[in-house]
**Q** 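Here it is, the structure in full.
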There are 2 protein chains.
Amino acid sequence: MRQLKPEVVEQRKRHLLQWIVHYYIRTSKPVSSGLIAEEAGLDLSSATIRNILTELENEGYLAQPHTSAGREPTDKGYRFFVDYLSDVQRLAAGERERIEEQYRRRIGELDTLLVETSRLLSRVSQNAGVVLSPTAKKQSVKRLELIGLGGRNVLCVVATDAGLVRHWPMALAFTPTPRQLTALNNFLNEQVKGVPVERVKAQVTAKLGEIEREFREFADLAGELAREVGAIVSPESLYIEGADNILSQAEQFGDIKEVQSLMRVIGEKERLAEVLEREIRESGTENLPARVRVRIGEEAGLPELKAASLVTHVYRHGDRVVGVLGILGSKRMEYSRMMGLVDYVGRLVEARLSEWDEEEGR
Amino acid sequence: MRQLKPEVVEQRKRHLLQWIVHYYIRTSKPVSSGLIAEEAGLDLSSATIRNILTELENEGYLAQPHTSAGREPTDKGYRFFVDYLSDVQRLAAGERERIEEQYRRRIGELDTLLVETSRLLSRVSQNAGVVLSPTAKKQSVKRLELIGLGGRNVLCVVATDAGLVRHWPMALAFTPTPRQLTALNNFLNEQVKGVPVERVKAQVTAKLGEIEREFREFADLAGELAREVGAIVSPESLYIEGADNILSQAEQFGDIKEVQSLMRVIGEKERLAEVLEREIRESGTENLPARVRVRIGEEAGLPELKAASLVTHVYRHGDRVVGVLGILGSKRMEYSRMMGLVDYVGRLVEARLSEWDEEEGR
DNA sequence: ATCTGGCAGTCGCATCAAACGACTGCTAAT
DNA sequence: ATTAGCAGTCGTTTGATGCGACTGCCAGAT
């Protein structure tokens, strides 16, 4: 017979694998040789398909849940599928429209932006939406203000260049007059404006000596303040929305145990935050700056996420990566659509952040 | 033979019902007559028990899931159990200690207090903790401040007497000088201090005429500001924590569907908030001000909560009920312990709120 | 008047075998 | 290289059967 070139055979095999993963994602049933022969339009008999399937299984892309069953993709199979996904699906125009509509609403603060973004991701994807906020440490202080609340109590408000606002109450050692507060605010702002949050403490304490004569009673306040800026502003926060979506897609998961452990991870945000932070760290180390990254099953690093996949997109402020957003859902998600969504939303968030920079000068 | 007095028989019936509900809550299996004869220590034969069970069933306190099964409490049965619960369990000393420990950490703001409270409720109860924040409308403004962020942008910060702080960015129609900002802040604070949030708008617009000569350009700003105070500060917020607890107690529920719809309600906070608001409204209309209230199954008003119960405690600020907190869990929860917990935490929150009042004067 | 033992009857559930059907892997033919 | 055919494996469905856990009722004991 006519001998086919090896490349062609390889090509066909890959194409078949793509088809299988895609089909499996949609139907969530093991794919059998007979089914492929009928549906895939390859014009091969089921026997031939079986041969190919055996190869793919030996290579670790597919596995059988039990002997007399079809094949399911392994994590390696999903990985192949995602890596060679030819088209990251563009979002439908209507969907884009609706998303932008949401961002058109005036959002002026980082927190609001991130909360809305996680809601959006969850709603559109029908999975859980996650957004990790930039760590405040790297942001620089734009404004720091003490507001008298009566008596010794003041409210301390810090705003950073990236739009983050944090506030917390403090009790002073004395009852300040309005004049004193104004003076103190002026002093503080001169000192900390533009200083990265993580260095506020050093900056303020360094300058403390200079004012000792005039505002001696402020000295310890300023010191305490500097400490609090470091302590309170620093914890980064993780916004997760749409956990209920995951539960209502429970069929997508094999076992309820899997859903439970997934939910538990969502509950203990710290562990998930750690996973996402790793995305940020690793975003610099790659050659090709692929914006959208997919973690399949245990690739994310948590055994609890075995049955899940995570689609993420780091976002930058200026030229530094400051945060990461994405969706968390079943390993059997529609990768193409999800990647498209995450990519799009990620860009919108970046755009919004840089808009804030521009408005600055106005 | 000796005739028993009717009251005694009634008494015994009630006692048995209590025992059954309690036993069912622990074991989650239908309770049968034979089991009762053995375990309840009543010194009656199973046949006699059966007679009593039939009566209780006819009266609507018990039901059989199917003919050849034991009995389960109906909602009415649970209701009886809860209403006649003799001892609302006091929390163990160690548990109280741990809880107070958490509140000892300096919490100066309403938001923080409520978030921590919902976490606490969820952690201790192993159910979901819910806290509905006071509506801002009824609170009065303690302080309102504009903070310049450079250019025309200002950050508007409002603090209320109950410890609520809200902030949002605004763009002015002009670039204010620091002096102008100070003047504006002084003016605004004179006008709105102590005014209920819902009346800020009226107050400010009423006073606008007076300053027109001096600060004509402020007029429209002040108007816009007043509008925003009403709009942004008003939405009350619902804090829910520990949804994962509910999922990991899924065995407590008969059907996964029930867990799903429960989770969905938790996801759409609005509907749950509505239920909780009703608790606030109805808290005034009762003769006996029982602080802890229990809603069993559909009593809460949402069909989705059919399999759940809600234990709540309204909390007051001064003498007005401003919010409600509690736990949400399976209908088969340990009511006694949960009621004790909710009662205790509710009191702590009230205590904290009135502490703030006292600090005020210092 | 109460309680109890006994017994028939109901119903869910676990068990088991048998039949089924969905696959695969292999082999021999094309 | 591909295919048809076939034997063999294994999960799943089905239906029958029996068991056990109940209840309800009644007749007799207390």
Side-chain angles (χ1 to χ4, degrees), chain A residues 1-17 20 23-24 27-74 254-255, chain B residues 1-13 15-17 20 23-24 27-74 77 254-255:
Chain A
M1 277 277 137
R2 175 172 81 266
Q3 181 164 350
L4 293 184
K5 301 207 181 92
E7 312 88 87
V8 177
V9 173
E10 263 310 296
Q11 175 99 16
R12 189 180 61 184
K13 194 154 87 179
R14 287 183 194 170
H15 175 245
L16 183 57
L17 179 53
I20 291 171
Y23 194 92
Y24 180 74
T27 63
S28 64
K29 290 189 192 338
V31 183
S32 73
S33 59
L35 186 96
I36 297 173
E38 281 176 17
E39 306 265 327
L42 278 183
D43 212 22
L44 290 175
S45 81
S46 68
T48 313
I49 309 265
R50 277 200 287 283
N51 291 330
I52 309 178
L53 290 185
T54 315
E55 289 177 48
L56 285 170
E57 180 162 5
N58 291 336
E59 291 165 28
Y61 292 107
L62 297 176
Q64 288 179 271
H66 55 263
T67 321
S68 71
R71 263 95 172 180
E72 295 172 344
T74 59
D255 191 357
Chain B
M1 274 282 130
R2 180 173 79 265
Q3 180 168 348
L4 292 185
K5 303 210 180 87
E7 312 88 88
V8 177
V9 173
E10 263 311 296
Q11 174 101 13
R12 189 180 62 186
K13 193 154 88 180
H15 174 244
L16 183 57
L17 179 52
I20 292 171
Y23 194 92
Y24 180 74
T27 63
S28 65
K29 291 191 193 336
V31 183
S32 73
S33 59
L35 186 93
I36 297 173
E38 282 175 18
E39 306 263 327
L42 279 182
D43 211 22
L44 290 176
S45 80
S46 67
T48 314
I49 309 265
R50 277 201 286 285
N51 290 330
I52 309 179
L53 290 185
T54 316
E55 288 177 48
L56 285 170
E57 179 162 7
N58 290 337
E59 291 164 29
Y61 293 107
L62 298 176
Q64 288 178 271
H66 56 262
T67 320
S68 72
R71 262 94 172 181
E72 293 172 345
T74 59
D255 191 358

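Naming: A, B, ... by sequence-line order, numbering from 1 per chain.
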**Q** Quick one: is dT2(D) close enough that its OP1 or OP2 comes under 4.0 Å of any side-chain N or O from Ser45(A)?
**A** no

**Q** CD1 of Ile49(B) to CD1 of Ile20(B): how many Å apart, nearest 0.5 Å?
**A** 8.0 Å

**Q** Tell me the interatomic distance from Leu44(B), atom CG, to dA1(C), atom P, rounded to whole angstroms.
**A** 19 Å

**Q** Roughly how far, to the nearest 0.5 Å, is the CZ atom of Arg12(A) from the CD atom of Glu10(A)?
**A** 10.0 Å

**Q** Taking the side chain of Arg12(B) as heavy atoms from C-beta outward, which of dC3(C), dG24(D), dG25(C) is closest to it?
**A**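 Of dC3(C), dG24(D), dG25(C), dC3(C) is nearest to the side chain of Arg12(B).
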
**Q** Rounded to whole angstrom units, what separation is found between the CZ atom of Arg71(A) and the P atom of dA22(C)?
**A**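 Whole-Å distance recorded here is 17 Å.
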
**Q** What integer distance in Å separates Leu16(B):CG from dC3(C):C1'?
**A**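 In whole Å, dC3(C) C1' lies 15 Å from Leu16(B) CG.
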
**Q** Expressed in angstrom and rounded to an integer, what is the separation of Ile49(B) atom CD1 from dA21(D) atom C1'?
**A**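 About 16 Å, once rounded to whole Å.
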
**Q** Rounded to the nearest 0.5 Å, what's the gap from OG1 on Thr48(B) to CD1 on Ile36(B)? Could you check?
**A**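 Between Thr48(B) OG1 and Ile36(B) CD1, I get 11.5 Å after rounding to 0.5 Å.
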
**Q** Looking for any heavy atom pair under 4.0 Å, which part of the strands does Ala47(A) touch: base, sugar-phosphate only, or nothing?
**A**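 Base, at least one base heavy atom under 4.0 Å.
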
**Q** Contact class for Ser46(A) (heavy atom, under 4.0 Å): base, sugar-phosphate, or nothing?
**A**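 Contact class for Ser46(A): none.
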
**Q** Does a side-chain N or O of Ser33(B) approach OP1 or OP2 of dC22(D) to a distance below 4.0 Å, or not?
**A**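 The answer is no; no side-chain N or O of Ser33(B) sits under 4.0 Å from OP1 or OP2.
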
**Q** Tell me the interatomic distance from Glu55(A), atom CD, to dT2(D), atom P, rounded to whole angstroms.
**A** 10 Å

**Q** Rounding to a whole Å, what distance do you find between His66(A):NE2 and dC10(D):C1'?
**A**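 So the two atoms are 6 Å apart, to the nearest Å.
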
**Q** What integer distance in Å separates Asn51(A):CG from dA1(D):C1'?
**A** 9 Å

**Q** Decide yes or no, distance alone: a donor-acceptor N/O pair under 3.5 angstrom between the base of dG6(C) and the side-chain of Arg50(B).
**A**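 A donor-acceptor contact between them is present.
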
**Q** Would you say the base of dC10(D) and the side-chain of Ser68(A) have a donor-acceptor pair closer than 3.5 Å?
**A** yes

**Q** Quickly work out the Glu57(B) CD to dG24(D) C1' distance and round it to whole Å.
**A**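 Result: 11 Å.
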
**Q** Heavy atoms only, 4.0 Å cut-off, all strands: where does Thr67(A) land among base, sugar-phosphate and nothing?
**A**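 It contacts sugar-phosphate atoms only.
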
**Q** Which is true for Thr48(B) with a 4.0 Å heavy-atom rule: it touches a base, it touches only sugar-phosphate, or it touches nothing?
**A**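 Thr48(B): base contact, heavy atoms under 4.0 Å.
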
**Q** Are the side chain of Ser46(A) and the backbone N or O of Ala37(A) linked by a donor-acceptor pair below 3.5 Å?
**A** no

**Q** Do Ile52(B) and Leu17(B) have side chains that get closer than 4.5 Å, going by heavy atoms?
**A**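 Result no, sub-4.5 Å side-chain heavy-atom pair not found.
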
